[in-house]
J.: 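Take this structure first; my questions come after.
Whatever order the structure lists them in is the order used to number ligands and atoms, beginning at 1. We count residues from 1, following the sequence as given.
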Amino acid sequence: MNTTRCDRTPAWAALQAQFETTGRTLDVRDAFAADPQRFGVFSQSAPHIFADLSKNLIDEATQALLLDLARQSGLESHRDAMFAGDKINTTEQRAVMHWLLRTPAQAQRDGLQGLATELAQVHATLAPMLDYAEQVRLDAAITDVVNIGIGGSDLGPQMAVLALDEYVIPGKRFHFVSNVDGHELAAVLKKVKVESTLFLIASKTFTTIETMTNAHSAKAWFAAQGGTDVARHFAALTTNVAAANAFGIDTTFGFWDWVGGRYSVWSAIGLPLAMAIGAQGFKEFLAGAHDMDEHFRTAPLDQNLPVRLGLLDVWYRNFHGFTSRSVAPYHCALKRYPAYLQQLEMESNGKRVDASGEAVPFSTSPVVWGEPGTNGQHAYFQMLHQGTDVVPVEFVAVRTAKHSLAGHQTLLLANVLAQAQALMLGKADTGGHKHFSGNRPSTFLLLDELSPASLGALIALQEHRVFVSGSLWGVNSFDQWGVELGKVLAKDVEARLLSGHTEGLDGSTAGLLARLRA
Ligand code: F6P
């Protein structure tokens, strides 16, 4: 693998010059007026998704330099190393192969030969997991599935089960408990009955304190309610089968350390989704993602959607200095999509050192945030249109609806188009208060329908765009050391909350601890 951190390439300096001469002042309205072909040049199809990038603050010269930046940084070599199973997660000495989880059993291509064993294991694990999912779907006595997991062991399956609500089997309810705050588990336990509930304990490591605490409480509740058949009512989704067995769960579905937590919805962690939409639906979800993998792996860089999105992210973060990106899915079933993307992007690229441990002299992950439209319009879109900060917006729209309520879909689509239009066009008004400066960038991702395949492709697209910016920045997008310190301190503070000892604590924590114990 041959990579160079982006700021050490000639293209970086060229982009800085480009930004100073034309980039900073580019006005998309003028760019459209000057080039009737702009929509065609800056839009493209990718598997299951059409993307319009033309409302972004970019022209062909900038795009060409960004593509140079990608080539000079060795993006293709880094991508190929990931798709060859190299250990590109260097701080943990692990391969990064979530893409293998969606690779068909019979797939053949260069670079896959060395991974035949892993691919066979993937399918040997997927088959019983899907059989189990089908078995539970047919089991009318199980009406409630409770997934206990956090982070990647919660956000992916939760987001996907909600998103594919139209495909969910009738007669079964899916609950997701992640927070160590006992209110969450208690609220679910109030709604379910021992004899009709299946608990899925989802944890890659099977050590995460929140998940273990909730799992122990669920097990204690089960026993207290007279439940005895743990084998029927508990299953574990984990790479740490020994710990699950020690906990008392024998029904386990495994995966591997080369699947990062935030990239694990395609593995056994996706079991709630497979139960919800069925084995066939889950296979379509994997197939949609695989289509996007192949696009990312093989499409020329200038027609490669994850590459184009990742390069825009770098352009906005490092040259324009924009600090955040707002995601606006115009489909209410995508309500957990922003939360899912927060972990994906900010846990992957929220790093201040490069892979060699050296502090980087530029900004990395933006803040990613958002809500489904049209709700966001009546909350924070005011700031997007007239605030002092420019926040690029990434819209997601779905062409067809799965309901037949008259008028709603047209109104929804009119709104998403109008918001993107308003951000770009603005509106002159001398009064000030009613003036919209316009020229505010947005990207428009369009799905024909929200289906298992298109959702799979959308999520894989996001995974790969995060890979692209992380790769150029030279950070390790696949570790998450930043979450460790708080975990360690919480153990110490928990003991102090019980004992009241405040020696050696900082003044603020000691003061708060005393009040909490009062
Ligand atoms: O603490 C962060 C994290 O490790 C995430 O990366 C991960 O998705 C989450 O915790 C849950 O971890 P596990 O699946 O091992 O319980």
J.: Salt bridge check, D313 against R465: does any charged N sit closer than 4.0 Å to a carboxylate O?
T.: yes
J.: Between K487 and E484, is the closest basic N to carboxylate O distance under 4.0 Å?
T.: yes
J.: Mind checking whether A202 has an N or O less than 3.5 Å away from an N or O of ligand 1?
T.: no
J.: Using a 4.0 Å cut-off to any heavy atom of Q480, which atoms of ligand 1 qualify?
T.: 6 (O)
J.: Just by distance, with hydrogens left out, do Y167 and E284 show a side-chain donor and acceptor under 3.5 Å apart?
T.: no
J.: Any idea which part of V483 is under 4.0 Å from ligand 1, heavy-atom wise: side chain, backbone, both or neither?
T.: side chain
J.: Given E210, K487, E347, identify the one with the heavy atom nearest to atom 6 (O) of ligand 1.
T.: E347
J.: Suppose I only count heavy atoms of G152 and a 4.0 Å limit; which atoms of ligand 1 are within that range?
T.: 7 (C), 8 (O)
J.: Does ligand 1 have a heavy atom under 4.0 Å from the side chain of K204, from its backbone, from both, or from neither?
T.: both
J.: Just how far is it from atom CZ of R297 to atom CZ of R109, taken to the nearest 0.5 Å?
T.: 4.0 Å
J.: I'd like to check which ligand 1 atoms, numbered from 1 as shown, lie under 4.0 Å from a non-hydrogen atom of T208.
T.: 12 (O), 13 (P), 15 (O), 16 (O)
J.: For ligand 1, which atoms sit closer than 4.0 Å to a heavy atom of G151?
T.: 8 (O)
J.: Does the pair R137 and E134 meet the rule for a salt bridge (charged side-chain N to carboxylate O under 4.0 Å, His left out), with working shown?
T.: CA-CA 5 Å; R137 283 165 65 83; E134 285 299 321; 3.7 Å; yes
J.: Checking contacts now, so for atom 10 (O) of ligand 1, which I'm interested in, is there any protein heavy atom under 4.0 Å?
T.: no
